[in-house]
Number of protein chains: 2
Amino acid sequence: MQANIGDVAQRAKVSSATVSRAFKHPELVAEATREHIIQAADELDFAVSRSAAVFQTGQTFRIALLLNDPSSTWFNAHVYEGLDSVLHPAGYDIAIYPIGTSDDRHVFFENLPIRRNADAVVIASFDVDSKEIERLHSMNVPIIGISALPEEVFDYSIATDDDYAMRLVTRHLLTLGHRDIGYISLDPPENADGSLHYSANRRSNGFLAECAEAHIEPAMLHVPNTSQRVEHALTQLFALDHMPTATCCEQDRLAVPLLSRLQRLGYAIPDALSVTGFDDSTYASEVGLTTVRQDPRDMGARAARHTLGLIARIDDDSEDGAERNNDRGETNDETAGETNNKNNKTDKTPPIHESTQIRMMFRLSTGPAPNAV
Amino acid sequence: MQANIGDVAQRAKVSSATVSRAFKHPELVAEATREHIIQAADELDFAVSRSAAVFQTGQTFRIALLLNDPSSTWFNAHVYEGLDSVLHPAGYDIAIYPIGTSDDRHVFFENLPIRRNADAVVIASFDVDSKEIERLHSMNVPIIGISALPEEVFDYSIATDDDYAMRLVTRHLLTLGHRDIGYISLDPPENADGSLHYSANRRSNGFLAECAEAHIEPAMLHVPNTSQRVEHALTQLFALDHMPTATCCEQDRLAVPLLSRLQRLGYAIPDALSVTGFDDSTYASEVGLTTVRQDPRDMGARAARHTLGLIARIDDDSEDGAERNNDRGETNDETAGETNNKNNKTDKTPPIHESTQIRMMFRLSTGPAPNAV
DNA sequence: TTGTATGCGTTATCAC
DNA sequence: GTGATAACGCATACAA
């Protein structure tokens, strides 16, 4: 029912190869014949079948995205958007594999459902252990990490230096004279895998290190990351011997609503209490939250560009291998040159590990500490 | 390099057909041979190539998702998540086509890049005109609408009744004694297509209708949907002859930060001023915003289930056509019965148009109107 | 610049 | 329950 490339060829009185070229490499087809072909295609309502084309190339044109948190999360949704902004125009689909629970995770790495069915794997926002990485590498496709550790195992990685960034936040509070600081982290609820620390540990480490250097003993609060997170945070804050003069939140996700609620409860912010976040996510600027800026969309886009590069490099390699059996007269010199070039290099170009530039957003939620007791 | 189905067949000493069956229809293969095959496959690190399998079936196993706003939007990110939660397990990829500008949009409908390359098209959160719909239908795949109008053109659609929901919000304010209400809508910025009204018009219509019935003349404010939206809204509010006693926002996206800022600016909410939103999106509950609940994730999931149904139905139809040429002894009766069944029906089952159940979330941002002038 | 021939990996059909 | 084989639609190497 649907016209195929042969039908078009017939109608345009050319071979199917020419039709194929007319679409894939228009510059190799004479202007006139190309127009003929396009017209015939239009009349038959023809379009190249991506499934067939993709199959033909041996590539899958599919990128697997491993996600621990829901894809609708501020971070993940923006990472996805950034990835897609580069990958979609390049003809790639993104398939999300949610591995939020340890079960999911186990099953995934056991079965490796993407084996032979993805040209690259992108891991966003969670850590992987050595066994998992080994499994992943057994697929022989590039592994890309976005805010994922340990970076050495990735062919490309990009991340915010959470530790350092949180140190800066802490210093900011210390400089303002705060000596009584509450740090609030969000703990994954029940069924999540205990080994998924993403950036959380690095952030609290940074905070603790900076406090230690300043000889300060902060209050460390742990709040379950549920819809009741603000209530839990408030409860724990009020349960302290005395309210801190500053609360340092692991994420904007908590800081934004907490800020709002504290104000509502009569706390003068920042006069009585300073609040900091991390991410510069939705509403952070609008509610005036001092925080660290992350641009997950940009991280996704950069990761995607490197992903394409890594995929292309792999293809080149395999082509080299194939080409050794059949010289092609005219372009022989060039080919030989290229091959030599590649042989002179090591097998792979070394992996790149980027760190995003850290930018603090100083806003109205932080101010000098009120006079201490 | 990568093992294919033939390699496995060889190693397991069976035919490739049996290997294929062992994966696709395990029940048709003897227990023993199947185990053999699985083992051989494991040893060779074999996995069925989705590209090849998909190609073979003729389906694309790809769903096109047309998006007007960025995919990271609260609404879109959740719709996507809902769709993917159903489609991914069913073996479908989702490809997002952003058509945010009129250019994008024009190019898309002109070229129809998804022709022959999607098994269904899902349109989220924007309206389509008759020409566009005609183009879409020329692809002969189901068209699904999520919060998109006009619903008649879709094979399945699901939407919130924005008009009615906003009427309820308005009534709530009227009941509280508010007579001086400001309605704030977010207008798409510069380069967006002027014809994209999504739900906005329906909401303001509902508001206006209810006000008219109550013989009230509201202040209608239009704010550009940029990062400065709150500043613009505040400016316009303060520029009014007198502050309204209630502001009715078209979206939480504005209402949440506006609420926060108004409090910060010293407005007692709801004593001096009531604020309402629409969506029940991120932080709405945490800041205590009275709003209308929407569940885009659920809408996406429902839409996805119907999408699969629609695709399956199309497949059945074409199979029927094919099967007329070759009877198959044993199952002949059944087949005949089914075919008759289908012939008794009309070509298609009638489209379904669902309306989500509306639920208002009454919270602390609304209260009785302060004594009027 | 174009045509011919072939292969990509899987699945469905049919015979056994 | 299993094997042989023909598609599926396209892209490429090579010949012309």
Side-chain angles (χ1 to χ4, degrees), chain A residues 1-10 12-37 41 44 46-61 91 116-117 315 318-319 322-323 325-332 335, chain B residues 1-10 12-37 41 44 46-61 91 116-117 315 318-319 322-323 325-331:
Chain A
M1 176 190 124
Q2 276 282 18
N4 66 20
I5 210 170
D7 301 329
V8 178
Q10 228 175 334
K13 300 197 196 346
V14 295
S15 75
S16 62
T18 307
V19 176
S20 175
R21 277 187 290 252
F23 285 97
K24 197 83 192 291
H25 307 290
E27 72 281 4
L28 298 182
V29 175
E31 176 79 14
T33 44
R34 206 180 63 222
E35 279 172 7
H36 253 148
I37 292 171
L44 294 173
F46 167 84
V48 174
S49 156
R50 244 180 65 90
S51 310
V54 159
F55 163 62
Q56 209 290 141
T57 69
Q59 280 187 54
T60 71
F61 282 92
R116 278 238 288 167
N117 286 306
D315 286 357
S318 18
E319 273 170 29
E323 276 174 14
N325 298 328
N326 52 339
D327 309 47
R328 290 177 303 174
E330 204 190 351
T331 58
N332 209 11
T335 309
Chain B
M1 173 188 123
Q2 276 282 16
N4 66 20
I5 209 170
D7 301 330
V8 178
Q10 226 174 336
K13 298 196 197 344
V14 295
S15 74
S16 62
T18 306
V19 177
S20 175
R21 275 188 291 255
F23 285 98
K24 196 85 193 289
H25 307 291
E27 71 281 5
L28 298 182
V29 175
E31 177 78 15
T33 44
R34 205 180 65 223
E35 279 172 8
H36 253 149
I37 292 170
L44 294 174
F46 166 83
V48 174
S49 155
R50 243 180 65 90
S51 308
V54 158
F55 164 62
Q56 207 295 136
T57 70
Q59 278 186 57
T60 70
F61 283 93
R116 280 240 285 166
N117 287 306
D315 287 357
S318 18
E319 273 171 29
E323 276 174 13
N325 299 328
N326 52 338
D327 308 48
R328 289 178 303 175
E330 206 189 352
T331 59

**Message:** Heavy atoms within less than 4.0 Å of DNA chain C: which residues of residues 20-31 of chain B have one? Give them sorted by number.
**Reply:**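 Under 4.0 Å from DNA chain C: S20(B), R21(B), K24(B), H25(B).
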**Request:** For S51(B) and Q59(A), work out which heavy atoms get closest and say how close.
**Result:**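 Looking at all heavy atoms of both residues, the shortest contact is OG-O, 4.0 Å.
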I need the [atom1]-[atom2] distance between [X] and [N], as an integer number of Å.
X: R34(A); N: dT2(C); atom1: CZ; atom2: P; value: 10 Å
X: N4(B); N: dT11(C); atom1: CG; atom2: C1'; value: 14 Å
X: H36(A); N: dG3(C); atom1: NE2; atom2: C1'; value: 17 Å
X: K13(B); N: dA4(D); atom1: NZ; atom2: P; value: 14 Å
X: D7(B); N: dG9(C); atom1: CG; atom2: P; value: 9 Å
X: I37(B); N: dT10(C); atom1: CD1; atom2: P; value: 13 Å
X: Q10(B); N: dA4(D); atom1: CD; atom2: C1'; value: 15 Å
X: I5(B); N: dA12(C); atom1: CD1; atom2: P; value: 11 Å

**Touch class at under 4.0 angstrom, heavy-atom based, for V19(A) against every strand present** =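 No contact at all - V19(A) keeps every heavy atom at 4.0 Å or more from the nucleic acid.
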**Request:** Using a 4.0 Å heavy-atom cut-off across all strands, classify R116(A) as base, sugar-phosphate, or nothing.
**Result:**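 Sugar-phosphate, no base atom in range.
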**Message:** Looking only at the side chain of A17(B) (C-beta and beyond, no hydrogens), which of the listed nucleotides dG3(D), dT2(D), dT10(C) gets closest?
**Reply:**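 Nearest listed nucleotide: dG3(D).
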**Message:** Among residues at least two apart in sequence or on other chains, which ones pass side-chain contact (heavy atoms from CB on, under 4.5 Å) with Q56(B)?
**Reply:**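 For Q56(B), no residue satisfies side-chain contact (heavy atoms from CB on, under 4.5 Å) once neighbours in sequence are set aside.
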**Counterpart residues, side-chain contact (heavy atoms from CB on, under 4.5 Å), relative to N4(A) (two or more places apart)** =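 N4(A): side-chain contact (heavy atoms from CB on, under 4.5 Å) contacts with D7(A).
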**Message:** How about CD on Q10(A), more than 12 heavy atoms from neighbouring residues, nucleotides or ligands closer than 6.0 Å, or not?
**Reply:**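 It does not: Q10(A) CD has 12 such atoms or fewer within range.
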**Asked** Would you say dG9(C) has OP1 or OP2 under 4.0 Å from some side-chain N or O of S49(B)?
**Response**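 No, outside the criterion.
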**Request:** State, to the nearest 10°, the angle formed by the axis through the first five base pairs of the helix from dT1(C)-dA16(D) to dC16(C)-dG1(D) and the axis through its last five.
**Result:**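 The angle separating the two end axes equals 30°.
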**Prompt:** Which of residues 51-61 of chain A have a heavy atom under 4.0 Å from DNA chain D?
**Reply:**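 A52(A), A53(A), F55(A), Q56(A), in order of number.
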N/O donor-acceptor pairs under 3.5 Å from side chains in residues 13-24 of chain A, not counting sequence neighbours:
residue, atom, partner, partner atom, Å
S15(A), OG, A17(A), N, 3.4
S15(A), OG, T18(A), N, 3.3
S15(A), OG, T18(A), OG1, 3.2

**Item:** Spacing of I5(B) atom CD1 and I37(B) atom CD1 [to the nearest 0.5 Å]
**Value:**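 One finds 9.0 Å between CD1 of I5(B) and CD1 of I37(B).
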**Asked** Hey, is the main chain of G91(B) close enough, under 3.5 Å, to the side chain of R50(B) for a donor-acceptor pair?
**Response**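 Yes, R50(B) side chain to G91(B) backbone: donor-acceptor pair under 3.5 Å.
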